[in-house]
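Here's the structure, in structure tokens; my notes come after.
All heavy atoms count here, side chains included; hydrogens, waters and symmetry mates do not. Just so we're on the same page: letters track the sequence lines, and every chain starts at 1.
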Number of protein chains: 2
Amino acid sequence: MQTIEQVLESKDIRVTAMRLLIYKFLAEKEVAVTLSDIEHAFVKADRTTLYRTIKTFEEKDIVHQIDDGTGITKYALCENGCNCEIETDLHLHFHCNNCNETICLTEHKIPQIKVPEGFVSENVNLVVKGICDKCSGQ
Amino acid sequence: MQTIEQVLESKDIRVTAMRLLIYKFLAEKEVAVTLSDIEHAFVKADRTTLYRTIKTFEEKDIVHQIDDGTGITKYALCENGCNCEIETDLHLHFHCNNCNETICLTEHKIPQIKVPEGFVSENVNLVVKGICDKCSGQ
DNA sequence: CAATAATTGCACTTCCATTGCAAGTATTAG
DNA sequence: CTAATACTTGCAATGGAAGTGCAATTATTG
Ligand SMILES: [Mn+2]
Ligand SMILES: [Mn+2]
Ligand SMILES: [Zn+2]
Ligand SMILES: [Zn+2]
């Protein structure tokens with residue numbers, strides 16, 4: 001088990017207080033977060049810093065971006081050993097129409113999608129919408 | 001074969017010059033269009049009118065919205081007999097990373113996606129990204 | 001300790017989406 | 001046919017998210 005410091009260093013990112021805090025915040029959340037969520041969690045920090053921190057994380061494949069169709073970009077920590085660099089987002093994402101939260105279903109891989117002759121598939125974004133386990137009351 | 005006038009009337013939309021023109025524009029395009037595309041095609045009309053026309057079409061299930069991950073909403077005419085109201089976007093969408101165009105693959109239905117216990121799937125958004133038939137040169 | 005490099009904060013910008021309100025146009029009732 | 005009413009269109013303004021230039025601060029290195 002690596003410490004957060006070790007994770008950052010292994011990706012050639014300097015360890016700063018801000019980065020540790022944001023990493024912890026993401027790790028504690030079991031759902032994908034928006035920049036605005038992070039802003040509300042760290043009101044003292046500047047928006048730009050938060051923005052650039054998450055962008056750094058994204059570049060270095062510490063987080064991946066999720067477009068769940070709400071129009072607002074969300075982010076979630078990559079799984080240990082996730083290969084975002086090679087094939088983006090192999091797992092599917094679930095967006096709850098009730099609580100409006102989006103979560104990674106890391107265990108659920110995206111099935112092979114057939115495309116017509118002449119088309120070349122490079123990657124796939126798949127978002128399932130519906131009611132999440134918490135909201136469905138089971 | 002219905003005329004455009006008949007299509008609009010059947011959906012309780014008043015026939016206006018603007019609406020006929022925009023409908024025709026969408027019908028002639030084989031790709032999904034942005035509001036900005038429509039704006040460029042109708043420079044004399046006000047942006048708001050174009051916006052509200054497309055929103056009216058969307059409400060009445062004449063067009064469907066496509067979120068292809070570019071951050072800009074696109075629209076495309078619904079197929080004849082499409083059931084947007086009931087289950088949104090059964091077909092998949094393809095976004096070309098080369099020409100930046102998005103098309104409906106109406107023949108390609110989205111496969112059944114399994115979700116974990118407790119989750120209820122209501123609809124699915126699936127966008128495949130890659131190279132389209134025109135750009136792949138076949 | 002000084003030089004250098006990276007990070008952070010502030011201010012500003014751009015782009016798309018959306019709304020209030022007034023003016024114009026079509027529809028309906030008398 | 002005319003007046004009242006409903007709907008459509010245009011203008012102006014707003015809001016929200018994303019992104020950038022630059023200076024100040026902080027950390028790293030020699
Ligand atoms: Mn994910
Ligand atoms: Mn479509
Ligand atoms: Zn929920
Ligand atoms: Zn193409």
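Residue A/Gln2 places its CD atom among more than 12 non-hydrogen atoms of other residues, nucleotides or ligands, all under 6.0 Å distant.
For B/Cys96 against B/Ile131, the heavy-atom pair with the smallest separation is SG-CA, 4.0 Å. Closest heavy-atom contact between A/Met18 and A/Leu50: CE-CD2, 3.8 Å.
Chain A approaches DNA chain C over the interval C/dA6 to C/dA11, counting the first and last nucleotide 5' to 3' with an atom under 4.0 Å from its heavy atoms. Taking a heavy-atom distance under 4.0 Å as the criterion, the stretch of DNA chain D touched by chain B extends 5' to 3' from D/dC7 to D/dA12.
Counting heavy atoms from C-beta on, the side chains of B/Ile110 and A/Leu126 never come closer than 4.5 Å. No side-chain heavy atom of B/Val127 sits less than 4.5 Å from a side-chain heavy atom of B/Thr102.
The side chain to side chain donor-acceptor pair (under 3.5 Å) pairs that include a residue from residues 12-22 of chain A number zero, where partners must be two or more places apart or lie in different chains. For residues 40-50 of chain B, the salt bridge (Lys or Arg N to Asp or Glu O under 4.0 Å) pairs, not counting sequence neighbours, are B/Glu39-B/Arg47. Identified under the ring-ring contact (aromatic ring centres under 6.0 Å, His included) test for residues 23-45 of chain B, with sequence neighbours left out: B/Phe25-B/Phe42.
For the residue pair A/Ser136 / A/Asp133, no side-chain donor-acceptor distance below 3.5 Å is found, with atom types taken as modelled.
Exactly one of B/Lys129, B/Lys74, B/His93 qualifies for a side-chain hydrogen bond (donor to acceptor under 3.5 Å, both in side chains) with B/Asp68. That residue is B/Lys74.
Each of B/Ala17 and A/Ile72 was assigned the nucleotide of DNA chain D with the nearest heavy atom; the assignment lying further toward the 5' end belongs to B/Ala17.
DNA chain D is contacted by A/Arg47, A/Thr48, A/Tyr51, A/Arg52, A/Lys55 of residues 27-57 of chain A, taking any non-hydrogen atom closer than 4.0 Å.
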